[in-house]
Amino acid sequence: MHQIFFNSKDLSMTTISLSEQEIIRRNSLQKLRELGIDPYPAAEYPVNAYSEDIKAGFSDGQDHFGEVCLAGRLMSQRIMGKASFAELQDAKGRIQLYINRDEICPGEDKTLYNEVFKKLLDIGDTIGVKGTVFKTHMGEISIQVKELTLLSKSLHPLPIVKEKDGVTYDAFTDPEQRYRQRYVDLIVNPQVKDVFVKRTKIVNTMREMFNERGYFEVETPILQPIPGGAAARPFITHHNALDIPLYLRIANELYLKRLIVGGFDGVYEFAKDFRNEGMDRTHNPEFTVMEIYVAYKDYQWMMKFTEEICERVALALHGTTKVQLGDQIIDYKTPYPRVTMYEAIKTHTGYDIAGKSEQELREICDKLGIETDPTMGKGKLIDEIFGEKCEHHYIQPTFIIDYPVEMSPLTKKHRDNPELTERFELMVNGKELANAYSELNDPIDQRERFEEQLRLSEKGDDEAMFIDQDFLRALEYGMPPTSGMGMGIDRLTMFMTNSPSIQDVLFFPQMKPEQKPVELSEDGKMVLEILKSKSPVELNELKEKSGLSNKKWDKTIKDLTKNNVARVVKSEEGLFVESVG
RNA sequence: CUCUCCGUAGCUCAGCUGGUAGAGCAGUUGACUCUUAAUCAACGGGCCGAGAGUUCGAAUCUCUCCGGGGAGACCA
């Protein structure tokens, strides 16, 4: 859909599809050039102030700002003859400008005010102003503009959003446009920016915390020959020079553990992972996970660390551990309850599944109305019961611990019960936020677990893990006892910013490609063919030759003239159609 | 993948049981030197998502397709 703009036919189509307002702006651009004003100047603009700082720092009667110079986008104009008000939006907020004709045009030539400001500037243009700070009669802190510079002309009109007394009018809300044109969303919807500021603050807070403890931020391969560390369908690509398939990573776990083998005590990565699965309110094909591995720790230690992270992030963002989420208040104050999976199931179903056989579990599922199929083993059945009957109950942060061994091929067996593993998931608002283990470092056990996965895969489980021989070799060299944890950054951001959809916390959520501009219809092409042999041609003659019905003829000829490939000319001899170009 | 709602001017939306499109903002022209959703006057602006069908006639009814939202299924 990009190359379409490079062939001449479509180029002409994009030109004629300009709206009236876009044409006017292009004309203004031309007029500015004729006045000797470069609409896209190159020189540095010496900004020395921001809107919000000025508004926060201004006090009546004294001007301690002196001359300020700020730049931003022109968001509104209120023109009143020889003086005007306007609003400038910079990186921090908005401030009102007062523009007086004789202040910005001290000499005889009033062109800058009368022509440039009043006529040739538009909402959306980036401008720079120099002036002084003052307060209007109505009490609004404003800039008295002495010098006005166009820094960048805007050719595409912005949606106009107005606001009074906290009520927003004509808000730009269409989700499709907001996500496809996030830049517009960010310009006109200030609360959107806030979500992304918070997102970055979450990452910075975590990074700060890890660095304080001496953990080491690393980067590991995104293109992997074996997609490991999780159960998911990968994206596949091809490396030409090596002529091998490569996969976009679904997790980075196995690489981070290799680094623990290599002697780092603590490593972490904020990683983009990719999964070739469905998209919905909580899933995007690429998403961000923070994974951290710390040597000589176990999952008990990691629980404490994880709850500390959450508490600290909540405090950094909101100054309190209580965070609004939908109609709930989530309290991230530590410590969080630890509930074993067996306890959770007993609480919410009444069944004690400890020591139950596969057959017995299947019967319990039947009684609970949970569908099962014969390929499901013990672990899968237990996981199903938990997912259906328990998960959604855990609104406040809760650690669900001790998962069945079948579900956790990379996790160390529980020190007290070989059917279980030392694994926890942190549940918030009924959803998984983090997942952690005492990492399996027994290479023989690990190999057996991989082989079990291989058997599952042969049984038809398409998300069973591949065997990564090099990872096993690394474990054979010896990995210290380690605990690792992964936390979904998108999900955490959703929780911390009260965003109901993952699209609200991603700048550019995945969307289907936009539709191509419409091409000429078959009828249009056919009529054009006739025109090629004879042009101009009498209208009725052409209509007859085309053999089209009245309705189709009407539509087709309108199509051709709209697209500027044909033209109807009226002369004394009658109506003629001629081709253009 | 299923169900459901939506797609009309640059933006937000109205347009009912079919009769050929309306408002506010934005734009253009004019007036106005402290306005703030500025105001006042005039004007211009529409492949009514695309295609097909029913009809004398479709923004409106039917079907198909495209795009989006929501709910679910699948999936961590």
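Labels below follow one simple rule: chain letters A, B, ... track the order of the sequence lines, proteins then strands, and each chain is numbered from 1. Heavy-atom basis, side chains included; hydrogens, waters and symmetry copies ignored.
Under 4.0 angstrom from either OP1 or OP2 of B/C25 there lies no side-chain N or O belonging to A/Lys162. Taking 4.0 angstrom as the limit, A/Lys118 places none of its side-chain polar atoms (N or O) nearer than this to OP1 or OP2 of B/A31. For A/Arg281, no side-chain nitrogen or oxygen approaches OP1 or OP2 of B/G69 to under 4.0 Å. Using a 4.0 Å cut-off, some side-chain N or O of A/Gln503 falls inside it from OP1 or OP2 of B/G69. In this model, the phosphate group of B/A38 is approached by a side-chain N or O of A/Arg78 to a distance below 4.0 Å at OP1 or OP2.
Between A/Asp90 and A/Arg73 no salt bridge is recorded (no basic side-chain N to carboxylate O distance below 4.0 Å). Classification of A/Arg182 and A/Asp185 as a salt-bridged pair holds, one side-chain N sitting under 4.0 Å from a carboxylate O.
Separating the C1' atom of B/G27 from that of B/G15 is a span of 23 Å, rounded to the nearest Å. With both ends at atom P, the span from B/A23 to B/G46 equals 15 Å, rounded to whole Å. Here, B/U33 and B/U28 have their C1' atoms 24 Å apart, quoted to the whole Å. Only the P atoms considered, B/U62 is 11 Å distant from B/G18, to the nearest whole Å. If you take atom P in B/G67 and the same atom in B/G57, they sit 32 Å apart, rounded to whole Å. Of the C1' atoms belonging to B/A58 and B/C16, the separation is 15 Å, rounded to the nearest Å. Nucleotides B/U12 and B/C34, compared at atom P, are 34 Å apart to the nearest Å. Comparing B/A31 with B/A38, their C1' atoms are spaced 14 Å from each other, to the whole Å.
Rounded to an integer number of Å, the gap from A/Phe85 CZ to B/C32 P is 17 Å. The distance from atom CZ of A/Arg25 to atom P of B/C11 is 13 Å, rounded to the nearest whole Å. As a whole-Å value, the separation of A/Ile502 CD1 from B/C75 P is 19 Å. Across the protein-nucleic acid pair, A/Glu20 atom CD and B/G27 atom P stand 11 Å apart, rounded to whole Å. One interatomic measurement links the two molecules: CG of A/Leu120 to C1' of B/U28, which rounds to 13 Å at whole-angstrom precision. Rounded to an integer number of Å, the gap from A/Ile79 CD1 to B/U33 C1' is 13 Å. Regarding A/Met80, its CE atom lies at a distance of 18 Å from the P atom of B/G30, rounded to whole Å. Taking atom NZ of residue A/Lys512 and atom P of nucleotide B/C65, one finds them 12 Å apart after rounding to whole Å.
Among the protein residues, A/Asp102 comes within range of the nucleic acid bases, having at least one heavy atom under 4.0 Å from a base atom. Nucleic acid contact class of A/Gln96 (heavy atoms, under 4.0 Å, all strands): base. Residue contacts shown for A/Phe134 include a base, since a base heavy atom lies under 4.0 Å away. At the heavy-atom level, A/Glu391 lies under 4.0 Å from base atoms of the strands shown.
Going from atom OH of A/Tyr299 over to atom CG of A/Asp402 covers 3.5 Å, rounded to the nearest 0.5 Å. Separating the CD atom in A/Glu103 from the CD atom in A/Glu147 is a distance of 12.0 Å, to the nearest 0.5 Å.
The side chain of A/Thr136 lies closest to B/U35, out of B/C74, B/U35, B/C11. The nucleotide whose nearest atom lies closest to any side-chain atom of A/Phe172 is, among B/U36, B/U12, B/U28, B/U12. Side-chain atoms of A/His137 lie closest to B/C34 of the nucleotides B/U28, B/C75, B/C34. Considering only the side chain of A/Lys82, B/U33 comes nearest among B/U33, B/U12, B/G27. The side chain of A/Pro175 approaches B/G68 more closely than any other nucleotide in the set B/C32, B/G30, B/G68. Distances from the side chain of A/Ser501 to the nucleotides B/G70, B/G27, B/A38 place B/G70 closest. Distance from the side chain of A/Arg180 is smallest to B/G67 among B/U35, B/G67, B/U33. Considering only the side chain of A/Glu176, B/G67 comes nearest among B/U36, B/G67, B/U28. Nearest nucleotide to the side chain of A/Met138, out of B/U36, B/G10, B/G27: B/U36. Candidate nucleotides B/G10, B/U12, B/G68 were compared by shortest atom distance to the side chain of A/Gln177, and B/U12 ranks first.
Side-chain atoms of A/Glu87 stay outside donor-acceptor range of the base of B/U36, with no qualifying N/O pair under 3.5 Å. Side-chain N/O atoms of A/Gln21 and base N/O atoms of B/A26 include a donor-acceptor pair closer than 3.5 Å.
Under the stacking criterion of a centre-to-centre distance below 5.5 angstrom and an interplanar angle below 30°, A/Tyr169 sits stacked against the six-membered ring of B/A37.
The partner of B/A58 is absent, by the rule that a Watson-Crick or G-U pair needs both atom distances under 3.5 Å. Taking a pair to require two hydrogen-bonding distances under 3.5 Å in either a Watson-Crick or a G-U wobble arrangement, B/G24 pairs with B/C11. Summarising the base pairing, B/U4 is matched to B/G69 through a Watson-Crick or G-U wobble pair whose two defining distances lie under 3.5 Å. The base-pairing partner of B/U39, taking Watson-Crick or G-U wobble contacts with both distances under 3.5 Å, is B/A31.
Partner of A/His348 under the ring pair (Phe, Tyr, Trp, His ring centres under 6.0 Å) criterion, chosen from A/Tyr342, A/Phe386, A/Tyr394: A/Tyr394. With A/Glu286 as the partner, the side-chain hydrogen bond (donor to acceptor under 3.5 Å, both in side chains) test is satisfied by one option alone out of A/Gln510, A/Lys272, A/Arg275: A/Lys272.
When the nearest nucleotides of RNA chain B are assigned to A/Ala83 and A/Pro159 by heavy-atom distance, the more 5′-ward of the two goes with A/Pro159. The nearest heavy atom of RNA chain B to A/Met511 and to A/Asp122 marks one nucleotide each, and the one closer to the 5' end goes with A/Asp122.
Residues A/Asp490 and A/Val505 come closest through the heavy atom pair O-CG2, 3.6 Å.
With hydrogens and angles ignored, the 3.5 Å screen pairs a side-chain donor or acceptor of A/Arg423 with a backbone N or O of A/Met407.
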Check your understanding: Run the salt bridge (Lys or Arg N to Asp or Glu O under 4.0 Å) check on A/Glu87 and A/Arg94 step by step: do they pass?
Key -> CA-CA 7 Å; A/Glu87 272 181 302; A/Arg94 285 192 187 189; 3.7 Å; yes
